[in-house]
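Remarks on the structure that follows.
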Amino acid sequence: MLPDRPITPSTLSVKDLLWQVLWDKDKCTLCGRCTAVCPVNAIELGVFRKREFTASLEPERPSTNVYKVYHGIRQKTDPAYACVGCAMCNQVCPNDAIIPIRSDEADKLRFHINRGGQPRSRGGRRNVPGGLLDQIKFIRISMLTDPALDAGRHEFELRTLLGRMLPPEDNIRFYKENGWIPPVREIYPLIIGSMSFGALSPNMWEGLQLGVAYLNEELGMPVRMCTGEGGCPPRLLRSRFLKYTILQIASGYFGWDEIIHALPDMQEDPCAVEIKYGQGAKPGDGGLLMWHKVNKLIAAIRGVPVGVSLPSPPTHQTKYSIEEAVAKMIQSMYMTWGFRVPVYPKISGTSTAMAVLNNLTRNPYAAGLAIDGEDGGTGAAYNVSMNHMGHPIATNIRDAYFNLAKLGKQNEIPLFAGGGVGKNGNLAANAAALIMLGASGVQIGKYIMQAAAGCLGSESDRCNICNIGRCPKGITSQDPRLYRRLDVDMVAERVVDAFLAFDMELKKIVAPLGRSTTLPIGMSDALGIGDHHAAERLGIKYVV
Amino acid sequence: MCRLFAITSKTPLSPMIAMEAMDVMREGHDGSGVGLFLRDLAGPFEEMKDAPILSGIFTDAGIKRLDRYMMDLGFMTKYKISIKVPKVKLPGTPKRDVYLIRAYEYPEEWEALPKQEVDNRLVSIRLQLRAMGEEEQDMIVFSFWPDVIMIKEIGDPMQVARHLNFGRQELNARVIMAQGRQNTNYAINLYACHPFFIQGYATMTNGENTAFVPIREYLLSRQVLGYTGYQSDSEVFTHILHYTIHHLGLGLETYKHIITPLQNEALEKHPSGAFLKQLKHSCRQLTIDGPNCVIGCLPDHSLFMVQDRKKLRPGVVGGKPGCWAFSSEICGLDAAIPDRDKSKDFQPMHLDTTIVGPDRQEIAICSQTDPLPLPR
Ligand code: SF4
Ligand code: SF4
């Protein structure tokens, strides 16, 4: 070590980082693609010096050594530029000369990403692999007296309802007396959850919308997509595709001016309005679109200045309690569309969710409740919120269902579950388990980003830079240099592929259970788990 | 799979007719039990159509407890059939002390009560007796209702029928429903044996109701008196029928719309589509997911048969004016009414409700695609 080389407390070696970039001198052609693509500038072209020794075999001629210079790729160790493991470098390298490897021990980097007293913020979701949903099995297969159905040949009606259902007595009476019957939508039970125009790149958003439109109009699958907060491109608001869209409103009210202005020109009602109170990935935190992503287009749609961070506070500041907020917001949103559009709140999974639910049961307008568990994703949040806060979705949705059943309202307020559904790739199994635990449908976010656009994120802190707008795939970036990497039509195609595959798998699960004409909501007798405590907690069978 | 047989006839018939029909369908059930439902009774009960009849199985101690309980409530025995249990025990059938069929005189103070109140009290007495029986294992109570007798027992239907002498005149009735039960996934329990009964509504079913758990949870949460039990996955059919007609005030034609709603394309074309869509939504929790063939009976003595949406269970209706039978298999029908016009036999499909009304003149077939009749 040179005696005057500055070694400070936060000088790190490559070994201390979470991801180490392995580079192979012999394979590298020095094309420079990797450094060009790296979203965080973790690697740079480097100049290396090497001594080459030549031993002479003739005694009279001395051995020599030469100093040579060669060029290559160097990984930076400054915490600000730490490699995020996205492996984009590997994707673009013509010779497979470079690849990131995860450290074999806990990194030291985590102690140093707090520059300037700012704790780490990132996008993605909780970095914990595994989860309970994957442990649930479907144990009740129709056999002797009742042969299993054929997923390929039988007719299936895998639809769910979004909207407030009246009890049958009231429904019949109101129908006869021409009373107001709350609007109800029949939709596909797998919903693309709220990801805003702003959080996602224009190409990603358009690709999703295109896929959803195709599923609806060509394949007859009533798939719905939630906009997230931040409004809608004006053209969508005035198009017939609005009916496939759930508009979200959060406490920042971003984009709502645009929506209200478009009202007189709307050809169709939106499918529903979702009021966001919480996000499972960061319960108790508000929404946050960081300044990196607020470009001219986003600013225009949201009605804000360019280049400022856009936090939505965790609560709707104009209301002082959830009861009041729910009542007022729901009421005014209903009024806006002439009581033709279902309005429901979305909250984070939390042990206080039951209080909200109980409150909704007394509100004749509440059209449902979406609960987002701890494994849900987000575009931006503090690391600590994402990794250490939240409530798992399985128990939360089960409690909510039992709560409704006790009140005799389990058909009246549909529950939608989200948060880590399909996080290990088992989308249909996870969704079916949640439905059988009592959910009317499930919401997915990150799954569709991974399936439709190849999001690189994983449960081991890979990538996770959605917040700073440098998404290497161009999914969550507002920088045209990045998002032009994403092909809109291909995203749409992948959305369709993913939904069709899900549909087949869901049938493969429900057919052997003997269910085909109704979604098996609450069919908990079909579920088993090898964990005694989990079985007891969820009220399902314990099987080993 | 269970075998079902029901018959409605102008002239009273012996329950043995049903037992013989079950016997020819023997291959379809494993002879693990029999359930019998009789109504529109003839013989001695003809004279006392309004008297509530208690049917069940009692131990000697249970009978004493029953008598005390009923006496305290002010019920007087009006008539009883004593089924003397033969000395030689039937193999496979538990030893019983008394099979009870007893008609009562209402307590005097009940006379002023409105019908609804009387109906509810009858149900709560039956439930109370059932609970008492479950405590001490000394009574099993099947029904407590005017003009209705129910008998259920474990064993081969024909042997049980001979053992208990179902052929006796006093048991003749104009409406008979019988089921040969196959031992299914639930533990052997006489309460799990079909037919099921509540306040004048009875149904029996074969097959498996895969939507049982959510439906049970929903019915339990309705807080309606008598929606309890559910030892069998098909008991819910009776309660849904009761709920549809008694509670929601809808006709029998809508029963099928509740348990197996039409799909959306069909609803859009349906003349009563708008209403049916509401019904489909608000009663979503009551949709069954078969396979099931349901045979049922209403308080007005109509008999009906419906199929699940997939129509995976057999069922046939046939007969002649004055006498119609509903059977799982045609051979059962042949055994009971051999002289009918067989070309008129009808096998209801996934959209049909087959009804023989109280006049027993013809089979009415109503399809789910027909307009709903105006409220009666
Ligand atoms: S893995 Fe991603 S962040 Fe790391 S060096 Fe490669 S491109 Fe850069
Ligand atoms: S992309 Fe591959 S070949 Fe090109 S500079 Fe990087 S490592 Fe070398």
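Per chain, numbering begins at 1; letters A, B, ... match sequence-line order.
- When heavy atoms are compared at a cutoff of 4.5 Å, Ile288(B) approaches chain A solely by way of its backbone atoms N, CA, C and O.
- With hydrogens and angles disregarded, no donor-acceptor distance shorter than 3.5 Å links the side chain of Asp525(A) to the backbone of Val213(B).
- In this structure, the portion of Ser440(A) lying under 4.5 Å from any heavy atom of chain B is its side chain and not its backbone.
- Of all the heavy atoms in Lys310(B) and Gly514(A), the pair that sits closest is NZ-O, 3.4 Å.
- Heavy-atom distances place both the backbone and the side chain of Leu161(A) under 4.5 Å from chain B.
- Atom OH of Tyr214(A) has 12 or fewer heavy atoms from other residues, nucleotides or ligands within 6.0 Å.
- Gln410(A) and Tyr218(B) get closest at one heavy-atom pair: NE2-CA, 3.3 Å.
- In terms of modelled atom types and a separation under 3.5 Å, the side chain of Arg222(B) and the main chain of Gly408(A) share a donor-acceptor contact.
- Under the 4.0 Å criterion applied to side-chain N and carboxylate O atoms, Glu186(A) and Arg284(B) are not assigned as salt-bridge partners.
- With a 4.5 Å cut-off on non-hydrogen atoms, Asp308(B) does not touch chain A at all.
- One finds the CZ atom of Arg159(A) at 9.0 Å from the NZ atom of Lys280(B) (value rounded to the nearest 0.5 Å).
- In this structure, Lys176(A) NZ and Phe275(B) CZ are separated by 6.0 Å, a value rounded to the nearest 0.5 Å.
- Contact annotation for Leu519(A): neither backbone nor side-chain heavy atoms come within less than 4.5 Å of a heavy atom of chain B.
- Using a distance-only test at 3.5 Å, with no hydrogens or angles considered, no donor-acceptor pair links the side chain of Asn171(A) to the main chain of Ser282(B).
- Per-residue heavy-atom pair counts under 4.5 Å with chain A were compared for Gln263(B), Lys277(B), His247(B), Glu217(B), and the maximum is reached by Gln263(B).
- Salt bridge present: Arg140(A) and Glu208(B) bring a charged side-chain N and a carboxylate O closer than 4.0 Å.
- Looking only at side-chain heavy atoms (C-beta outward), Ile172(A) and Leu279(B) come within less than 4.5 Å of each other.
- Both the backbone and the side chain of Pro168(A) come within less than 4.5 Å of a heavy atom in chain B.
- By the neighbour-count criterion of 12 heavy atoms within 6.0 Å, atom NZ of Lys541(A) is sparsely surrounded, having that number or fewer from other residues, nucleotides or ligands.
- For chain B, no part of Phe174(A) is nearby; none of its heavy atoms comes within less than 4.5 Å.
- Considering all non-hydrogen atoms of both residues, Asn411(A) and His281(B) come closest at ND2-O, 3.0 Å.
- With chain B as partner, the option from Ser516(A), Ser524(A), Ala405(A) having the largest number of non-hydrogen pairs under 4.5 angstrom is Ser516(A).
- Between Pro214(B) and Ile521(A) there is no side-chain heavy-atom pair separated by less than 4.5 Å.
- Checked for salt-bridge contact, Arg309(B) and Glu155(A) meet the test: a charged N lies under 4.0 Å from a carboxylate O.
- Shortest non-hydrogen contact noted between Thr517(A) and Thr287(B) is OG1-CG2, 4.3 Å.
- For chain B, the option among Met165(A), Glu169(A), Arg515(A) with the highest count of heavy-atom pairs below 4.5 Å is Arg515(A).
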